[in-house]
Amino acid sequence: MIGRRRSSCFAPLRGPCPQAAGAKRIPRRAPPLLALALSAVALSACMVGPDYRRPAAPVPVAYKELRGWTVAQPRDAVDRGAWWSIYHDAALDRLEREVEVSNQTVKQYAAAYRTAVALVREARAGLFPTVGVAPSVSHSAGSGGGSGTGTSSSGGGGGVPRTQYSVEGSIDWSPDLWGRVRRQIESQKAAAQVSAADLANAELSAQMILATDYFDLRAEDSLIDLLRQTVAAYRHALRIAHNQYAAGTASAADEVTAEAQLAGARAQLVGVGAQRAIYEHAIAVLTGHPPAELTIRPAPLASQVPVPPPGLPSTLLQRRPDIAAAERQMQQENALIGVQVAAFYPDISLSALGGFIGSPLSQLFTTANRVWSLGAAASETLFAGGARIAAVAAARATYDQSVANYRQVVLTALQQVEDALSSLRILAQQGRAETIAVAAAQRAVDVLLNQYRAGTVAYTSVITEQTTLLADQQAALAVQQSRLVASVALVTALGGGWNAGELPR
């Protein structure tokens, strides 16, 4: 945290920086400008403003939901590369790998990162002098008269035309005595790391959405298979009702009721296709393709729910790109405090000019035609109405805001992990209960159909149990779908396969 203002050098009135001691070795005969330049180089190691220290984050010792939570598969299934490989699905793997290459949102963040890198190079340019060259040629003639210094003209007059050539080079340098430029570089480097973490977070978010849509699509495929099986079962029940009616052991109402139930199941089957198409179109856009160009072959929903171990909460801080971005933003804002503090100190600039002026061109580069100049300037604002103090206060407040944002991001990450863990634990219990319910409902349907054939129960009992069976089967499928989605949420809440060590240095 930032306390009182710290600086890596002493204020000018209290004496020079320790690094400036080398300036004492300047020879006595050195020109004053050279002595000033060497002193500026020695002093350029100073940087005013606070040095960055990462604030503490609200991290608990362990997860609340971790106790009693078990991994669905052995640890050999833990991701060794791309995080989605734990699902062992070739179609999902192919689609996920297209996100980094073709997703347009990811491309936007990639371009923003390249911009941030360019800004770092631009900031570094402020450490170096500016070198320029100005060649010129002029052709003039005097207007006549005795002075010989008449007004230039291009046309005529009494004077003799003459051509003058010049080549002049200049060097201008503002030494970074107080670290303003280096604090800007520090800020821009942190901003580039923020952008890199944002890019990683954009990729992770797109991959998470794609995986979620993919499992939702596979749930629709499984629902289509379930409804097809249901239609076949209802068609079989309709034949039984028709035979019973033909044998005179059942009324026409049983046959009509069976026909209505079959028609309803067929209509429900048709409607599932519309939702599947929506998921397929969403996946196409996420992979950077027009919806018309992507067709995903039907496949059943995965029956296993692999989940990697969550690790300790402290590890989470290194595995989430959004946490890394928030932490890097703190350093960015902290460095900007130093930029504003440096405005309290004077600006010093050095300049040098040298070249040749003369005629003719063949004799231009001679000692007689040489010209040079050296200069130094300093400027300091004595009164600005409190603007600089306000700028420093604003920079400190912005830093405090980034600290609060960092801690909130950490809290949100911990909440997401706890939510995913609790969802997986509860959904696993619900899934086991739904499996028992489906098995019991299936046995009830089989028993009642046999009793209906024997004429001991009414057909309404069969319909009731068939409706219950379908509802339980759909609920079991929805729970499995939710478990897979929660598994994706946990993997991404833990940062996927990303690590803060991947940030560019």
Side-chain angles (χ1 to χ4, degrees), residues 1 54-72 78-79 83-84 86-87 99 105 109 193-194 196-216 286 305-331 333 399-431 478-503:
M1 293 295 292
R54 181 187 299 180
V59 180
V61 177
Y63 292 112
K64 176 182 178 181
E65 288 291 337
L66 187 58
R67 177 176 298 177
W69 179 73
T70 57
V71 183
V78 176
D79 174 39
W83 62 265
W84 55 84
I86 62 176
Y87 299 102
V99 169
T105 301
Y109 280 94
Q193 291 178 321
V194 170
D198 287 340
L199 171 59
N201 192 53
E203 292 178 358
L204 183 60
S205 297
Q207 292 163 353
M208 178 195 69
I209 295 173
L210 188 148
T212 300
D213 288 344
Y214 180 82
F215 287 127
D216 288 340
L286 285 168
V305 185
V307 180
L312 295 176
S314 58
T315 307
L316 179 67
L317 302 184
Q318 300 297 326
R319 296 180 61 183
R320 292 263 305 213
D322 56 342
I323 294 179
E327 189 274 328
R328 293 288 81 202
Q329 186 177 8
M330 287 190 297
Q331 182 168 11
E333 300 299 339
Y399 170 80
D400 292 339
Q401 182 180 0
S402 67
V403 173
N405 176 69
Y406 168 69
R407 289 172 173 163
Q408 183 59 45
V409 170
V410 172
L411 289 172
T412 301
L414 293 171
Q415 177 189 358
Q416 291 173 350
V417 174
E418 294 282 8
D419 289 345
L421 287 173
S422 63
S423 295
L424 286 170
R425 176 177 59 82
I426 296 172
L427 288 171
Q429 297 173 358
Q430 185 180 1
V479 169
Q480 182 65 12
Q481 175 187 0
S482 298
R483 290 182 64 193
L484 286 166
V485 170
S487 172
V488 172
L490 177 59
V491 175
T492 53
L494 294 170
W498 190 85
N499 190 280
E502 298 179 23
L503 284 178

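The first residue in the sequence is number 1, and the count goes up from there.
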Look up atom CD1 in Ile209 and atom CG in Leu204, then write down how far apart they are to the nearest 0.5 Å.
10.0 Å
Check the pair Gln480 / Val305 against side-chain contact (heavy atoms from CB on, under 4.5 Å), numbers first and verdict last.
CA-CA 8 Å; Gln480 182 65 12; Val305 185; 3.6 Å; yes
Are the side chains of Thr492 and Trp498 in contact, using a 4.5 Å heavy-atom criterion?
no
Taking every non-hydrogen atom, the tightest pair across Gly496 and Arg319:
O-NH2, 3.6 Å
When rounded to the nearest 0.5 Å, the distance separating CD of Gln416 from CG of Leu421 is 12.0 Å
For a quick test of reading the model, state the closest non-hydrogen atom pair linking Pro55 to Tyr399 and the distance between them.
CG-OH, 3.7 Å
Of all heavy-atom pairs between Ala493 and Leu316, which one has the smallest distance, and what is that distance?
O-CD1, 3.2 Å
Should Gln329 and Tyr406 be marked as a side-chain contact (heavy atoms from CB on, under 4.5 Å) after you check the CA-CA gap, both sets of side-chain angles, and the distance that decides it?
CA-CA 8 Å; Gln329 186 177 8; Tyr406 168 69; over 6 Å; no
Quick check for you: to the nearest 0.5 Å, what is the distance between Met208 atom CE and Thr212 atom OG1?
5.5 Å
Using a cut-off of 6.0 Å, state whether more than 12 heavy atoms not belonging to Glu502 lie near its atom CD.
yes
Do you know which two heavy atoms are closest between Pro321 and Ala200, and how far apart they sit?
CB-CB, 3.9 Å
Hey, could you give me the CG/CG distance between Leu484 and Leu424, rounded to the nearest 0.5 Å?
9.5 Å
Contacts of type ring-ring contact (aromatic ring centres under 6.0 Å, His included), residue Tyr87, not counting sequence neighbours
Phe215
In Å, rounded to the nearest 0.5 Å, how long is the span from CG of Leu427 to OG of Ser422?
8.5 Å
CZ-CG distance between Arg54 and Leu317, expressed to the nearest 0.5 angstrom
7.5 Å
Strictly by modelled atom types, are Gln207 and Trp83 linked by a side-chain donor-acceptor pair under 3.5 Å?
yes
Nearest atoms (heavy-atom pairs only) where Tyr109 meets Ala202
CD1-CB, 3.4 Å
Nearest heavy-atom pair of Pro58 and Leu414: which atoms, and what distance?
O-CD1, 3.4 Å
Is a donor on one side and an acceptor on the other found under 3.5 Å between the side chain of Arg407 and the backbone of Ala56?
yes
Quick one: does Glu203's side chain get under 4.5 Å of Leu199's, heavy atoms only?
yes
